[in-house]
Number of protein chains: 2
Amino acid sequence: MNRPDPARPPARTARDGEVPGVGPSPAGTRPTRQRLSPDERRRQIFACAQRLFSERRYEDVSTTDIAAAAGVARGLVNHYFGNKRGLYLEVVRLNSTVPALAVATLPAGTLQERIDASVTWFLDTLQANGGTWLALGSGGMGRDADVERILVKAEDDSVERLMEAMGLDRGGAGQDQARALLRVYAQLARSGAREWLLRKSLGRGQVHALLAGTLMVVVREAVPAVGV
Amino acid sequence: MNRPDPARPPARTARDGEVPGVGPSPAGTRPTRQRLSPDERRRQIFACAQRLFSERRYEDVSTTDIAAAAGVARGLVNHYFGNKRGLYLEVVRLNSTVPALAVATLPAGTLQERIDASVTWFLDTLQANGGTWLALGSGGMGRDADVERILVKAEDDSVERLMEAMGLDRGGAGQDQARALLRVYAQLARSGAREWLLRKSLGRGQVHALLAGTLMVVVREAVPAVGV
DNA sequence: AGAACTATTGACAGCGTGTCAATAGTTCCG
DNA sequence: CGGAACTATTGACACGCTGTCAATAGTTCT
């Protein structure tokens, strides 16, 4: 027998996307199957999947669970998303939108000032975001080659903006090295923020000092390569 | 029908733990079932599982595959490891042995010297290791809460040794903050090494400078807290 | 050799997945 | 307004995967 994992909550039967005005149908009358526009239905299923995947491991969320949560036949999930994995990757893709590592509008000023502005803005964004992005990096989500590709791409975008903010995007050669250094810094930033917001082992001031200090080291090292 | 994932290689039938001297039995004669000591059998199955899990995603490795690779009945895998997940976690636990972040024997000298020694030793270890540890952090392995616990524990051990090497383990209060800072540094070290060994976007010298520079920032920041 | 022990097997029950033809809302057109 | 065309949705089917357990067959002891 397939012994149920003790950590796994009982399969949901209740609907999740229930239309507000429509209460549970009186016993006996079968709730007429409601037909939505593809877009709407897709979004609804997606929302349920997103919630479930954030609560449990990939392999512990069945398409049956998702369908039940959406109040829909299981086949419909496959109809819209192909297979479970496709749906999962779509969820990850959405959640991987990285809070930019740097301000969009570069403030003129000394390097030190620009760095401080960058860090401040990054921490502000994260604080507002409330840790949902941080959880992605190491939390309940499964990781594999495909997932990694998505995450790496999101990070690269973010690094690109940081390149601009630091004024490293105008040099000639050595840009790739600068990018690599910033990628490393991005990991530090993520993990520092995690200690601050999730583990609460560091104060904001400390994290700020750490990030700013490191970013200074990184840029100093990158500058000779870029030749600025 | 369960459409086979195109990325998934056909199920192996060949034995993996075949005894060197014993070739494939001549057709017609059923290969007599061989009985090993529990330890040996356990190790053998474990080895096959380790290989398979490093090649494909968790959910794409079936216990049938593992059993086939070991040339053994599927039930035996469950007999030894309880369930698939248990086996998987054991594999992760073994692979998470972190190359220590610092030398065991602390060289006396200036802080700068100790930092350089630390970094050098870390990079040496990693180079010898050949990237198998690095792959773990973000690569083909799935991650979830349990896996994370294992990884965090391994990291904590490593951080503890780094505390000693930096001489931060004798201060009074603020040790937890110092630890947190070093955990963040550990992430930087990992990701820096990845750029060097896996992505090959940075040279060893650059990574060394980056790690040493950051570690200096980190320790400087930790010292006032610890009160050394 | 026979008995006791135990590593190993094979079959069973049940769940999860992807497919596909049938069903039932919705819309269009005479 | 009524039926036809369209298509969102369902339900059942085939099959793979998992965990359990009694039966089987090597090994060891006497």
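Below, read A as the first sequence line, B as the second, and so on, with proteins coming before strands; counting in each chain starts at 1.
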*Is the closest side-chain heavy-atom distance between B/L162 and B/Y185 below 4.5 Å?*
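B/L162 vs B/Y185: side chains touch.
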_A/N78 CG - C/dC20 P separation (whole Å)_ =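 After rounding, the gap between these two atoms is 12 Å.
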*Between B/Q175 and B/R179: side-chain donor-acceptor atoms closer than 3.5 Å*: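 Looking only at side-chain atoms, B/R179 and B/Q175 do form a donor-acceptor pair, the distance falling under 3.5 Å.
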*Atom CG of A/D65 and atom P of C/dG16: how far apart are they, to the nearest Å?*
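Going from CG in A/D65 over to P in C/dG16 covers 7 Å.
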*Want to settle it: does B/G75 or B/R35 sit nearer the 5' end of DNA chain D, counting the closest nucleotide to each?*
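Result: B/G75.
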_Nearest-Å distance for atom pair OH/P, residues B/Y80 and C/dT9_ =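 One finds 10 Å between P of C/dT9 and OH of B/Y80, rounded.
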*Could you check which of C/dG16, C/dA7, D/dT7 has an atom nearest any side-chain atom of A/S62?*
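When the side chain of A/S62 is considered, C/dG16 is the closest of C/dG16, C/dA7, D/dT7.
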*Rounded off to whole Å, could you give me the CZ-to-C1' distance for the A/F81 and D/dT9 pair?*
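About 15 Å, once rounded to whole Å.
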*Using the salt bridge (charged side-chain N to carboxylate O under 4.0 Å, His left out) rule, pick out the option among B/K84, B/R85, B/R42 that qualifies with B/E90.*
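So the option named by the test is B/R42.
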*Measure the distance from OH on B/Y58 to C1' on C/dG16 and round it to the nearest whole Å.*
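Taking OH of B/Y58 and C1' of C/dG16, I get 14 Å after rounding.
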*For atom CG of B/L76 and atom C1' of C/dT6, their distance in whole Å*: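 Whole-Å distance recorded here is 12 Å.
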*How close or far is atom C1' of D/dT27 from atom CD of B/Q34, stated in whole angstroms?*
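Interatomic distance, CD of B/Q34 to C1' of D/dT27: 14 Å.
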*Check every atom of C/dG25, D/dT10, C/dT8 against the side chain of A/A73 and return the nucleotide holding the closest atom.*
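Among the listed nucleotides, the one closest to the side chain of A/A73 is D/dT10.
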*Only pairs at least two apart or in different chains count here, so list each salt bridge (Lys or Arg N to Asp or Glu O under 4.0 Å) that has a residue in residues 70-80 of chain A.*
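Those involving residues 70-80 of chain A do not exist here.
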_According to salt bridge (charged side-chain N to carboxylate O under 4.0 Å, His left out), who are the partners of A/D124, at least two apart in sequence or on a separate chain?_
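So A/D124 forms a salt bridge (charged side-chain N to carboxylate O under 4.0 Å, His left out) with A/R204.
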_Is it the case that C/dT8 (base atoms only) and B/R41 (side chain only) share a donor and an acceptor within less than 3.5 Å, ignoring hydrogens and angles?_
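In this structure, the two groups form no donor-acceptor pair.
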_Tell me the interatomic distance from A/I45, atom CD1, to D/dT10, atom C1', rounded to whole angstroms._
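To the nearest whole Å, that distance equals 12 Å.
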*Between the side-chain atoms of A/R74 and the base atoms of C/dG18, is any donor-acceptor pair under 3.5 Å?*
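Such a pair exists between side chain and base.
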*Would you say C/dT17 has OP1 or OP2 under 4.0 Å from some side-chain N or O of A/T63?*
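True: A/T63 side-chain N/O within range (under 4.0 Å) of C/dT17 OP1/OP2.
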*Measure from the side chain of B/H79, starting at C-beta and using heavy atoms only, and say which of C/dT19, C/dT17, C/dT8 lies closest.*
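Looking only at side-chain atoms, B/H79 lies closest to C/dT8.
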